Amino acid sequence: MSRFLSENNRDLKAYVPGEQPKVKNLVKLNTNESPFLPAPGVQEAVKQAADSLQLYNDLSAARLTGLLAKTYDVKETQVFVGNGSDEVLAFAFQAFGGGGVTFPDITYGCYTVWAGLYHLDARIISLKEDFSIDPADYRGNDRCVVIANPNAPTGMALPLSAIAEIAAHNPDQVVIVDEAYVDFGAESAVALLPEYDNILVVQTFSKSRQLAGARLGFAIGSEELIADLNLIRYSFHPYNVNSLTQAAGAAALEQPEYFEACRQTIMENRAWTKTELEKLGFRVLDSKANFLFVQAPGMNGAEYQKKLREKNILIRYFDQPRIRDFTRVTIGSKTQMEKLIEATKEIWA
Ligand SMILES: *Cc1c(COP(=O)(O)O)cnc(C)c1O
């Protein structure tokens with residue numbers, strides 16, 4: 001820390017990302033990326049877009065926004081795109097969190113980070129003993145609510161009725177529903193938008209659309225909420241989604257069969273991996289995401305992670321209360337999952 005860092009930044013606790021190793025022969029199951037290549041057509045679209053890199057990108061991201069609106073059956077004015085959903089979420093915290101924010105004790109780590117960055121008061125609500133979210137805990141809340149659905153790192157999903165209950169009991173607050181993993185078996189709150197003008201759905205191309213490195217996320221909500229996000233964007237960085245990323249995102253959306261095939265495969269591999277781990281005595285939470293949250297028998301999370309690391313397999317451990325016995329395992333290709341099970345058997349042999 002330099003002596004120049006502003007006083008109000010001195011207490012920041014930044015996000016600690018999962019390891020992004022430089023060596024190649026690792027089975028990488030630690031950051032919830034897709035094991036599959038970008039959709040056919042993405043590479044060509046990016047190449048074409050590169051021919052116009054001397055020009056500024058389309059501020060309105062019209063083509064991409066139009067395709068998203070079509071995909072989710074909403075108006076174009078209900079769609080906002082950002083530089084990864086992290087940016088979209090950060091903008092939403094800044095736009096709607098002034099009166100404070102509420103989220104669970106065990107959830108996506110960035111929520112606490114943004115609360116710190118924007119100096120928002122955070123009210124943390126504990127998950128239940130079984131790691132589920134009780135919507136009743138969020139009734140009559142007087143501040144912005146943030147729910148990851150499915151939740152991270154548990155993978156557990158709430159039914160839409162629970163999201164509706166939270167929105168209905170907080171009519172004067174925005175309920176941000178972070179659906180980074182929704183495509184792997186949960187229900188999207190986009191379906192609730194006609195009824196609730198206070199729900200903001202945030203999704204990403206990083207997990208289910210094979211574009212983590214392109215940095216593309218989006219929000220869907222009422223026209224008014226989207227206008228508020230644009231107010232923040234135009235006050236910060238209007239050209240937030242570069243032209244290569246816009247082209248990549250649009251091309252990916254034009255391949256719905258590929259998207260469908262990839263997510264189905266991940267869900268099949270998840271079911272297979274869960275069964276195999278349970279046979280080995282693991283406790284595996286019910287996941288609707290592209291990862292499993294698992295408790296190894298007689299070994300804490302740090303140890304299991306370390307033992308797999310020695311076998312060139314990366315998984316994610318979170319050194320925080322309540323979940324030190326667990327690790328999060330990204331669902332990759334079948335071959336990767338077979339390697340994980342093989343290595344796990346060796347550890348217990
Ligand atoms: C991965 C993730 C994000 C961020 O994704 P981007 O790559 O920034 O789009 C947001 N929320 C949750 C819960 C995530 O797991």
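Counting convention: from 1, in listed order, for ligands and their atoms alike. The model shown is predicted, which means the values in this text are computed figures rather than measured ones. Here, residue 1 is the first one in the sequence, and each next residue gets the next number.
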- Message: Using 30° and 60° as the class boundaries, would you call the ring planes of Trp114 and Tyr108 parallel, tilted or perpendicular?
- Response: perpendicular

- Heavy-atom closest pair (Ser243 atom, Ala49 atom, distance to 0.1 Å) is O-CB, 4.0 Å

- Message: Between the side chains of Asp58 and Arg63, is the shortest nitrogen-to-carboxylate-oxygen separation below 4.0 Å, so that they form an ion pair?
- Response: no

- Indicate, as side chain, backbone, both or neither, the part of Leu89 found under 4.0 angstrom from ligand 1 when only non-hydrogen atoms are considered. side chain

- Kindly confirm or rule out an N or O of Asp178 lying under 3.5 angstrom from an N or O of ligand 1. yes

- Message: At less than 4.0 angstrom from any non-hydrogen atom of Arg215, what atoms of ligand 1 do you find?
- Response: 6 (P), 7 (O), 8 (O)

- Message: Minimum distance, heavy atoms only, to atom 3 (C) of ligand 1: which one of Phe205, Tyr108, Tyr181 is it?
- Response: Tyr108

- Message: Taking 4.0 angstrom as the limit and counting only heavy atoms of Ser206, give me the atoms of ligand 1 inside it, by number and element.
- Response: 6 (P), 7 (O), 9 (O)

- Note on the structure: Within 4.0 Å of some non-hydrogen atom of Lys207, the atoms of ligand 1 are 1 (C), 2 (C), 3 (C), 5 (O), 14 (C), 15 (O)

- Note on the structure: Ranked by distance from atom 5 (O) of ligand 1, the top protein heavy atom is Ser85 OG, 3.1 Å

- Message: Main chain of Pro238, side chain of Arg233: is a donor-acceptor contact present, judged purely on distance under 3.5 Å?
- Response: yes

- Message: Using a 4.0 Å cutoff against the non-hydrogen atoms of Gly84, which atoms of ligand 1 qualify?
- Response: 8 (O), 9 (O)

- Whether Arg309 side chain and Leu314 backbone form a donor-acceptor pair below 3.5 Å: no

- Query: Tyr234: what forms a ring pair (Phe, Tyr, Trp, His ring centres under 6.0 Å) with it, not counting sequence neighbours?
  - Reply: none

- Gln210 side chain to Tyr258 side chain, donor-acceptor N/O pair below 3.5 angstrom: no

- Query: Is there a heavy atom in Gly217 that sits closer than 4.0 Å to ligand 1?
  - Reply: no

